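The next block holds one structure in the form of structure tokens; read it before the comments.
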Number of protein chains: 2
Amino acid sequence: MGSATERRGIPDATVTRLPEYLRALTSLADTGVTSVSSEELATVVGVNSAKLRKDLSYLGSYGVRGVGYDVTHLSDQISSALGLTRDQAVAIIGMGNLGRALAAYNGFASRGVEVVALLDHDPAVIGSRIAGLTVEPVADLPRITSEREVTIAMLATPAGSAQEVADLVVAAGITAILNFAPTSLELPADVQVRKVDLATEVQILAFHAQQSRLGGLPAEPVLTEAVQ
Amino acid sequence: MGSATERRGIPDATVTRLPEYLRALTSLADTGVTSVSSEELATVVGVNSAKLRKDLSYLGSYGVRGVGYDVTHLSDQISSALGLTRDQAVAIIGMGNLGRALAAYNGFASRGVEVVALLDHDPAVIGSRIAGLTVEPVADLPRITSEREVTIAMLATPAGSAQEVADLVVAAGITAILNFAPTSLELPADVQVRKVDLATEVQILAFHAQQSRLGGLPAEPVLTEAVQ
DNA sequence: AAGTGTGAAGTCTTTCACAGCT
DNA sequence: AGCTGTGAAAGACTTCACACTT
């Protein structure tokens, strides 16, 4: 995956967890909590507390020994490490069912994500209004990207056109893609791609479901314990 | 823990990749390819060929030295390893934007996933038809689960009610959950949970986007190479 | 000649366990 | 007394490189 050549290098595994810590901290702050120990926060997120402390140590020393972490300060530090000092401007491409659901998703605003453009190449959809935005033609992507400082594209096209659209996205100067199309993209190494494939997720669950069926009841005591 | 039980321990990392291999194989089969080498398949999926071979070796020896893998046979073996010999019956809970998009998603059928129930607890939504199914009350989950042999639940509720609904899901006898609500669930260890958090994905991308901005051009030769 | 299957080496990640600070 | 921060150990995963098979 993405290798960081930095002396400052935060491990990839840590980066993927930082957003979860941030979400948990925000939720704690909302309930009036101002200070939290690694043990408490780890329980909320469902990870080992040593792992949490090590993750945070990559950002610097923001805890107080004997006390814990200041919720607000730690949130700020994580936000800053993630580069969320400004909202991320996102363009959604492909206005099918999924694209429309993404456009209407209201979980983004509070977490530093702003949808600034909706695109499609079907003339029947272009010009219609979805979630307060007007759908624009994919051909306008270069202009839109520079005008609205788009940093991330969400690809919600059919698998068949995903590669083609991804190439346009990269040509428009966007270097981060969240790919919902069930296909692998071939792109330059400096373009970050993460994928969300729903059927893949279900198949992974199917495997584990099958395992517990086969493994059955024998041996293995089942403790109620936060996992993952 | 690691007792001598002869169950084939397929590593987690491998399991998460099997669905992708399967997807790539299906796509190759559709274009008439009948045999494929690890190098070719690895290129399509975007992984190292040694990793692919090692992954496949956990399933058994299905390749032919000097030749490669039979596309159909390998697909069958992976399907079988994943437990996809039957379709997975899925219930979607929470008929907001996301739930409706999931219900209407047409990428499931061809990949062994069948949506057999849509549930909500809002009386205003219950009874309406979405994507050919009638929305039913969450209270009916236990009956529906046993009647339709539901194995997996997709949670598309707001974060606030996710834990509560997850508890109902588990009580109904379902042991695998795909959680789209942006919150961590506390569940018994024998329940498999995978989560899909859209804002988290964007934040991870934001981090990497920031890195390339900071790191700039120096060092780091950029090879065009399939990543992810 | 080509390409699999796999020990062994290398890298990354998690967990332990405790010194050290408040 | 309590909890962080972190070396060191353990474990998981990836990649190399080549013996072996067709």
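Source: prediction; values computed, not measured. Every chain is numbered from 1 and lettered A, B, ... according to where its sequence line falls, protein lines coming before strand lines.
Rounded to whole angstrom, the span from the CD1 atom of A:I10 across to the P atom of C:dT14 amounts to 14 Å. Taking atom CG on B:L59 and atom P on C:dG5, their separation rounds to 10 Å, with Å as the unit. Atom CD of A:E39 and atom C1' of D:dA1 are 16 Å apart (whole Å). Rounded to whole Å, the distance from CZ on B:R53 to P on D:dT14 is 15 Å. Counting to the nearest Å, the C1' atom of D:dC3 and the CG atom of A:D70 are 15 Å from each other. Nucleotide D:dC3 holds its C1' atom 13 Å from the CG atom of A:L56, rounded to whole Å. In this structure, CG of A:L52 is placed 15 Å from C1' of C:dT13, rounded to the nearest angstrom. Rounded to an integer number of Å, the gap from A:Y69 OH to C:dT22 P is 14 Å.
Closest approach to the A:K54 side chain among C:dT4, D:dT6, C:dT13 is made by D:dT6 (side chain taken as heavy atoms from C-beta onward). Comparing D:dG5, C:dG5, D:dC13 against the side chain of B:A13 picks out D:dC13 as the nearest. Which of D:dT14, D:dT4, C:dA17 sits closest to the side chain of A:S37 comes down to D:dT4. Closest to the side chain of B:P11, from the set D:dT4, C:dT6, D:dC13, is D:dC13.
Both A:V64 and A:K51 lie close to DNA chain C; mapped to their nearest nucleotides by heavy-atom distance, the more 5′-ward contact belongs to A:K51. DNA chain D is contacted by both B:N48 and B:G66; B:N48 maps to the nucleotide lying nearer its 5′ end (nearest heavy atom per residue).
In summary, B:E39 and B:R53 do not engage in a salt bridge, as defined by a charged side-chain N under 4.0 Å from a carboxylate O.
Of the inter-residue distances, the one linking B:E40 atom CD with B:L28 atom CG reads 8.5 Å to the nearest 0.5 angstrom.
Heavy-atom contacts from other residues, nucleotides or ligands closer than 6.0 Å to CZ of A:R148 number more than 12.
Residue side chain B:R65 does not reach the base of D:dT22 through any donor-acceptor N/O pair under 3.5 Å, judged by distance alone.
Between B:S61 and C:dG5 there is a side-chain polar atom (N or O) within less than 4.0 angstrom of OP1 or OP2. For D:dT4, one of the phosphate oxygens OP1 or OP2 lies less than 4.0 angstrom from a side-chain nitrogen or oxygen of A:S38. Applying the 4.0 Å criterion to OP1 and OP2 of D:dT14, one finds that B:R17 has a side-chain N or O inside that range.
Between the side chains of B:R111 and A:T200, at least one donor N or O lies within less than 3.5 Å of an accepting N or O. Using a 3.5 Å distance cut-off with no hydrogens or angles, the side chains of A:Y105 and B:N97 do not pair a donor with an acceptor.
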